[in-house]
Amino acid sequence: MRRILGKIGIFLSIALVLIFFLFNTNPNQLPLLLLFVPFILVYVLMLLFFHEIARLFLRNLGQHQRRWIVGFIALLPVGLLLTMSAGQTEANDIVLFVIFMALVIFYFSRINFLK
């Protein structure tokens, strides 16, 4: 129970930092490096969320495989957000990105990390 409360606390604190950052900054006045902070925070939130989901549903995979798969699953929405924020996203880009991520996830589900 304590472990679950700790993870919820970390998740909520990162979400609060993200909300605070988004509401209290002007992207037009930020340096280039700080423009990536919201995307990094969204990635960490997605990573924490999908890790807990994968821990429940992907028990037959090893821990390393699960981490790689979860990392790429969390990267999918962040990558789409990055391309959408640049105004470069079209329907075929989304389809290609999803296909690429599906292939990567399939590849990492087949790798034996114990070799």
Side-chain angles (χ1 to χ4, degrees):
M1 185 69 168
R2 181 174 256 183
R3 181 178 171 193
I4 294 172
L5 290 177
K7 288 183 180 186
I8 292 172
I10 290 171
F11 188 84
L12 289 177
S13 61
I14 293 172
L16 287 174
V17 168
L18 176 65
I19 291 169
F20 181 78
F21 186 83
L22 289 176
F23 282 117
N24 292 317
T25 57
N26 182 359
N28 295 326
Q29 298 175 348
L30 285 178
L32 182 62
L33 289 177
L34 286 180
L35 289 175
F36 290 103
V37 169
F39 297 107
I40 293 169
L41 292 175
V42 168
Y43 177 73
V44 171
L45 286 173
M46 300 297 265
L47 194 66
L48 291 172
F49 176 74
F50 287 130
H51 184 267
E52 290 303 314
I53 299 298
R55 202 168 55 90
L56 294 173
F57 293 109
L58 300 176
R59 292 180 186 259
N60 58 344
L61 295 177
Q63 185 175 4
H64 292 295
Q65 285 176 317
R66 228 182 1 238
R67 284 183 183 168
W68 278 100
I69 290 171
V70 165
F72 280 106
I73 290 173
L75 189 63
L76 177 66
V78 175
L80 290 174
L81 279 174
L82 278 169
T83 57
M84 284 180 179
S85 69
Q88 299 295 320
T89 305
E90 297 177 2
N92 60 347
D93 295 332
I94 295 171
V95 170
L96 287 174
F97 204 71
V98 168
I99 289 171
F100 174 72
M101 286 296 165
L103 290 173
V104 168
I105 291 168
F106 176 75
Y107 175 75
F108 278 107
S109 69
R110 299 292 180 203
I111 289 178
N112 185 4
F113 285 95
L114 297 177
K115 287 184 180 179

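Just so it is clear, the model here is predicted, and its values are computed rather than measured.
- Here the straight-line distance linking atom CD1 of I40 with atom CG of L18 works out to 11.5 Å at 0.5 Å rounding.
- Put simply, L96 and Y107 are part of two different groups of oily side chains (I, L, V, M, F, W, Y) that touch within less than 4.5 Å, one to the next.
- More than 12 heavy atoms of other residues, nucleotides or ligands lie within 6.0 Å of CZ in F97, so this atom counts as buried by the packing criterion.
- Residues K7 and R55 come closest through the heavy atom pair NZ-NE, 4.2 Å.
- I99 and M84 fall into different hydrophobic clusters, defined by Ile, Leu, Val, Met, Phe, Trp and Tyr side-chain heavy atoms under 4.5 Å apart, directly or through other members.
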Quick one, V37 with L30, criterion side chain to side chain contact (heavy atoms under 4.5 Å, CB included). Give me CA distance, side-chain angles, the key distance, then yes/no.
CA-CA 11 Å; V37 169; L30 285 178; over 6 Å; no
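- In the hydrophobic clustering of ILVMFWY residues, with side-chain heavy atoms under 4.5 Å counting as a link, M46 and L56 come out together.
- Of all non-hydrogen atoms in S85 and F39, the two that sit nearest each other are OG-CZ, 3.7 Å.
- T25 pairs by the side-chain hydrogen bond (donor to acceptor under 3.5 Å, both in side chains) definition with nothing, not counting sequence neighbours.
- The shortest distance between side-chain heavy atoms of M101 and L75 falls below 4.5 Å.
- With values rounded to the nearest 0.5 angstrom, L35 atom CG is found 9.0 Å from N28 atom CG.
- The ring pair (Phe, Tyr, Trp, His ring centres under 6.0 Å) analysis of residues 3-38, with sequence neighbours excluded, yields no pairs.
- Between the CD1 atom of I73 and the CD1 atom of I53 there is a distance of 10.5 Å, given to the nearest 0.5 Å.
- With rounding to the nearest 0.5 angstrom, the CZ atom of F100 is 6.5 Å from the CZ atom of F72.
- Atom CG of L33 is surrounded by 12 or fewer heavy atoms from other residues, nucleotides or ligands within 6.0 Å.
- Here the side chains of P38 and L22 are in contact, with some heavy-atom distance below 4.5 Å.
- Residues T83 and D93 form no side-chain contact, since every pair of their non-hydrogen atoms from C-beta on lies 4.5 Å or further apart.
- Residues satisfying the side-chain hydrogen bond (donor to acceptor under 3.5 Å, both in side chains) criterion with R67, sequence neighbours excluded, are absent altogether.
- Residues Y43 and I19 do not share a hydrophobic cluster, defined by chaining ILVMFWY side chains whose heavy atoms lie under 4.5 Å apart.
- Follow the hydrophobic side-chain contacts under 4.5 Å out from I10 and you reach V70 in the same cluster.
- None of L45, L47, V42 except one satisfies the side-chain contact (heavy atoms from CB on, under 4.5 Å) rule with V78; the exception is V42.
- Put simply, CG on L41 and CG on L16 are 11.5 Å apart, with the number rounded to the nearest 0.5 Å.
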